[in-house]
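Below is one structure; the comments refer to it alone.
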Amino acid sequence: MKYVDEYRDPRAVRELADAINRMDVSRSCLMEVCGTHTMSIARYGLRELVAARAALISGPGCPVCVTAQEDIDWFLEAARLPGIIAATFGDMMRVPGSHSNLEQERARGADVRVVYSPADAVELARRNPDRQVVFFGVGFETTAPAVAMSVLEAKADSLANYTVFSAHKLIPPALKALVAAPELAVNGFILPGHVSVILGSKPYEFVAREHRVPCVIAGFEPVDVLQAVRMLLAQIADERAEVEIAYGRAVMPDGNPRARAVVGEVFDVADARWRGLGEVAGSGLSFNVAHRDFDARARFDVSPPPAVEPAGCRCGEVLRGVLAPEQCALFGERCTPRDPVGPCMVSSEGSCAARHRYARA
């Protein structure tokens with residue numbers, strides 16, 4: 001398969017790993033901030049292949065995992081309201097809120113529907129004019145354009161029964177929070193491919209320029225990730241700090257201006273709360289004045305009790321890269337994919353789920 005098989009070629013992977021391990025550079029700590037990278041690194045054993053030269057750690061790259069507990073609680077509370085259809089991506093169904101999850105709420109009678117896209121949620125609203133459809137908008141810059149498009153579609157069709165609970169997150173402000181944290185000593189970032197298709201490379205330049213941390217945008221196959229590792233180590237060896245693109249078949253320096261324009265038509269940049277990072281300035285999206293009718297927070301009077309984190313759960317530290325999943329006392333014992341305590345063990349892109357699935361295989 002073109003653009004897939006050649007990036008999974010075992011010989012190419014081995015040659016790249018050998019080249020990395022022969023590099024004349026000190027062992028460095030490299031963080032990926034993309035859940036798909038997290039899964040690829042675990043699935044193909046890349047962490048072990050380059051362990052002599054790089055410690056690969058995971059950051060806040062899983063959109064489900066970084067969704068704040070209070071946002072999950074809000075949506076659970078809204079799903080219980082009469083007349084509501086709660087629409088969500090499947091990954092959110094088993095993510096624990098303070099006292100419940102969407103799967104449990106559906107078992108108790110709430111009308112919770114799994115959709116594959118925001119457009120599906122709009123179609124639900126179209127087919128159920130006597131019901132209110134609330135879509136749980138989670139994700140990064142990658143999913144925000146599709147959500148914005150769904151709002152514009154609902155507006156064009158004059159659908160008064162479609163709203164979105166916006167819990168979207170923006171990656172560059174999260175990077176700013178990470179590099180400012182004294183507890184984390186990262187020598188380089190493996191930047192997300194999907195997000196960068198939308199953003200391009202320019203929004204990350206402050207990381208290299210102001211903080212002297214090298215960055216490389218990577219694709220998702222093993223050759224892609226190892227190529228990014230080699231490029232980062234080369235920057236470190238040369239004492240350079242730049243933003244480079246190792247995913248040129250998909251990412252352009254200017255990204256996708258049209259997608260960003262659609263997001264800007266519907267949303268304003270706002271502060272947002274992340275699991276693990278707390279409140280991060282300018283890291284979220286809220287509805288602008290022209291589209292406030294589609295804001296679920298404004299439409300429904302929902303006030304869940306104060307959020308409660310699961311006892312013993314250390315997902316926040318895992319998401320900040322200061323704790324490896326195996327270092328959590330619950331990992332693999334009290335917390336498993338079958339019976340997860342925290343979101344990092346639930347999501348298909350979660351660090352704990354990846355370690356549990358592949359490290360034990």
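A cation-pi arrangement is found for Arg249 relative to Tyr7, the charged atom lying closer than 6.0 Å to the ring centre and inside a 45° cone about the ring normal.
Think of Val341 as one node in a network of Ile, Leu, Val, Met, Phe, Trp and Tyr side chains linked at under 4.5 Å; its network also takes in Leu330.
Using a 4.5 Å cut-off on side-chain heavy atoms (C-beta onward), Leu178 and Val186 make no contact. Contact of the Thr67 side chain with the Pro343 side chain is not registered, since no non-hydrogen atoms from C-beta on lie closer than 4.5 Å. For the pair Val164 and Phe294, the minimum side-chain heavy-atom distance is 4.5 Å or more. In this structure the side chain of Gln104 reaches within 4.5 angstrom of the side chain of Arg108, judged on heavy atoms. With contacts defined as side-chain heavy-atom distances shorter than 4.5 Å, the pair Val134/Ile84 qualifies. In this structure, Met92 and Val346 have side chains that are not in contact, with every pair of non-hydrogen atoms separated by 4.5 Å or more. Residues Val263 and Leu285 meet the side-chain proximity criterion, which asks for heavy atoms closer than 4.5 Å. Side-chain contact between Val223 and Glu6 is absent, with no heavy atoms from C-beta onward closer than 4.5 Å.
Taking the six-membered ring for Trp, His37 and Phe220 have ring centres closer than 6.0 Å. A ring-centre distance under 6.0 Å is found for Phe287 and Phe267. Taking the ring centroids of Phe75 and Phe135, they lie at or beyond the 6.0 Å cut-off.
With respect to the salt-bridge test (charged N to carboxylate O, under 4.0 angstrom), the residues Arg275 and Asp71 do not qualify. The pair Glu205-Lys202 does not meet the salt-bridge criterion, since no charged nitrogen lies less than 4.0 angstrom from a carboxylate oxygen. We find that Glu103 and Arg106 are not joined by a salt bridge, their nearest charged nitrogen and carboxylate oxygen being 4.0 Å or further apart. The pair Glu317-Arg320 does not count as a salt bridge, with every side-chain nitrogen at least 4.0 angstrom from each carboxylate oxygen. The pair Asp293-Arg299 fails the salt-bridge criterion, with no side-chain N (NZ, NE, NH1 or NH2) lying under 4.0 Å from an Asp/Glu carboxylate O.
A single hydrophobic cluster is seen to contain both Ile85 and Trp74, as judged by linkage of ILVMFWY side chains at heavy-atom distances under 4.5 Å, directly or through other members.
Donor-acceptor pairing under 3.5 Å is lacking for the side chains of Asp295 and Ser166. Defined by atom type and a distance below 3.5 Å, a donor-acceptor pair is missing between the side-chain atoms of Ser286 and Arg297.
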Practice problem: Apply the test side-chain hydrogen bond (donor to acceptor under 3.5 Å, both in side chains) to residues Glu221 and Ser40: give CA-CA distance (whole Å), side-chain angles for both, the deciding distance (0.1 Å), then the verdict. | Solution: CA-CA 7 Å; Glu221 302 301 336; Ser40 183; 5.7 Å; no
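Within the structure, the salt bridge (charged side-chain N to carboxylate O under 4.0 Å, His left out) test picks out the following pairs touching residues 18-32 (sequence neighbours left out): Arg14-Asp18.
The heavy-atom pair separating Asn128 from Leu124 by the smallest distance is ND2-O, 2.8 Å.
Distance alone, capped at 3.5 Å, is enough to place a donor-acceptor pair between the Gln69 side chain and the Val308 backbone.
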